Asks: 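Shown below is the structure under consideration.
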Amino acid sequence: MPTILFLANEFGPAKEYHAPGGGELLDMCDEVRAPIPFSCRSASCATCQIEVVEGRELLENPEAVEQELLEILGAPEDHRLACQVRVRAAEGVVRIKPAG
């Protein structure tokens with residue numbers, strides 16, 4: 001079961017989420033009120049850009065729309081858009097924080 005650790009930052013305190021079946025990171029953020037900002041929720045604004053500090057291997061690869069925006073932004077490989085991330089149902093820890 002993946003454990004998602006949202007690191008404390010200017011948007012709020014640290015949060016933890018256990019995702020036995022994996023799933024959409026956006027739903028997990030909503031459920032625990034994670035300290036990750038969102039605006040459009042459709043990979044068009046990049047407000048939810050995150051840095052994956054640990055556990056990138058537990059995330060599905062970015063689809064075309066996310067990859068295109070990340071390339072436009074010149075984002076490093078460890079950055080993703082939280083609204084587009086899908087977490088795999090595998091053992092491990094994903095540690096994230098807002099990109100900045």
Side-chain angles (χ1 to χ4, degrees):
M1 162 174 49
T3 299
I4 314 303
L5 300 175
F6 301 96
L7 302 179
N9 58 70
E10 66 269 17
F11 300 108
K15 300 286 178 129
E16 184 172 318
Y17 185 87
H18 299 281
E24 305 294 328
L25 185 62
L26 175 61
D27 295 338
M28 298 171 197
C29 289
D30 282 344
E31 192 165 324
V32 296
R33 300 184 98 126
I36 304 295
F38 286 94
S39 187
C40 73
R41 298 175 178 249
S42 63
S44 59
C45 75
T47 301
C48 65
Q49 188 176 169
I50 56 171
E51 178 183 344
V52 182
V53 178
E54 177 184 355
R56 284 191 319 178
E57 68 280 0
L58 296 174
L59 306 178
E60 296 291 340
N61 291 327
E63 292 192 11
V65 67
E66 179 186 6
Q67 188 62 46
E68 182 179 327
L69 183 53
L70 290 170
E71 287 173 8
I72 289 169
L73 296 169
E77 286 186 26
D78 61 350
H79 284 204
R80 296 289 303 271
L81 300 177
C83 70
Q84 299 299 300
V85 172
R86 181 155 183 80
V87 180
R88 294 182 175 131
E91 287 294 319
V93 172
V94 179
R95 190 179 317 267
I96 65 173
K97 65 180 184 177

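Keep in mind that this is a model prediction, so the values were computed, not measured.
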Asks: Taking Val32 as the starting point, is it possible to reach Ile4 by hopping between hydrophobic residues whose side chains are less than 4.5 Å apart?
Replies: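 Yes: a chain of side-chain contacts under 4.5 Å links Ile4 to Val32.
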
Asks: Counting C-beta onward and ignoring hydrogens, is there a side-chain heavy-atom pair between Asp30 and Arg41 closer than 4.5 Å?
Replies: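 Asp30 reaches Arg41 side chain to side chain.
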
Asks: Please find the pair of heavy atoms, one from Leu73 and one from Ala46, that lie closest to each other, and give the distance.
Replies: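 That closest heavy-atom pairing would be CD1-CB, 3.4 Å.
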
Asks: Just so I know, are the side chains of Thr47 and Phe38 near enough to count as touching, which here means a heavy-atom distance under 4.5 Å?
Replies: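 Answer no - side chains too far apart.
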
Asks: Minimum heavy-atom separation for Pro20 and Ala89, please, with both atom names.
Replies: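 Closest heavy-atom pair between Pro20 and Ala89: O-CB, 3.9 Å.
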
Asks: Identify the two heavy atoms, one from Ala43 and one from Cys83, that lie closest to each other, and give their separation to 0.1 Å.
Replies: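 Closest approach of Ala43 to Cys83, heavy atoms only: N-SG, 3.4 Å.
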
Asks: Do side-chain atoms of Arg88 reach the backbone of Glu57 as a donor and acceptor pair under 3.5 angstrom?
Replies: yes

Asks: Under a 4.0 Å N-O cut-off, is there an ion pair linking Glu54 with Arg95?
Replies: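 Salt bridge present between Glu54 and Arg95.
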
Asks: Check whether Glu51 reaches the backbone of His79 with its side chain - one donor and one acceptor, N or O, closer than 3.5 Å.
Replies: no

Asks: I want to check something: taking the side chain as every heavy atom from C-beta on, are Val94 and Val85 in contact at a cut-off of under 4.5 Å?
Replies: no

Asks: For Lys15, does the NZ atom have more than 12 heavy-atom neighbours from other residues, nucleotides or ligands under 6.0 Å away?
Replies: yes

Asks: With Arg80, which of Gln49, Gln67, Glu66 fulfils side-chain hydrogen bond (donor to acceptor under 3.5 Å, both in side chains)?
Replies: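 For Arg80, the side-chain hydrogen bond (donor to acceptor under 3.5 Å, both in side chains) test succeeds with only one of Gln49, Gln67, Glu66, which is Glu66.
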
Asks: With side chains defined as the heavy atoms from C-beta onward, is the minimum distance between Thr3 and Leu5 less than 4.5 Å?
Replies: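 Result yes, sub-4.5 Å side-chain heavy-atom pair found.
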
Asks: What are the two closest non-hydrogen atoms of Ala82 and Ile50, and how far apart are they?
Replies: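 Ala82 and Ile50 have their closest heavy atoms at CB-CG2, 4.0 Å.
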
Asks: Can you name the closest pair of heavy atoms from Ala19 and Met28 and give their distance?
Replies: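 For Ala19 versus Met28, the nearest heavy atoms are CB-CE, 3.6 Å.
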
Asks: Show the nearest heavy-atom pair for residues Pro98 and Phe11, with the distance to one decimal.
Replies: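 Closest heavy-atom pair between Pro98 and Phe11: CG-CD1, 3.8 Å.
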
Asks: Please tell me whether Ile36 and Leu58 are part of a single hydrophobic cluster in this structure, the criterion being side-chain heavy atoms less than 4.5 Å apart.
Replies: yes

Asks: In this structure, which one of Leu25, Ile96, Val52 forms a side-chain contact (heavy atoms from CB on, under 4.5 Å) with Leu59?
Replies: Val52

Asks: Counting only heavy atoms not in Glu16, do more than 12 fall under 6.0 Å of its CD?
Replies: yes

Asks: So how far is it from Glu24 CD to Glu60 CD, rounded to the nearest 0.5 Å?
Replies: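 Separation between the atoms: 9.5 Å.
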
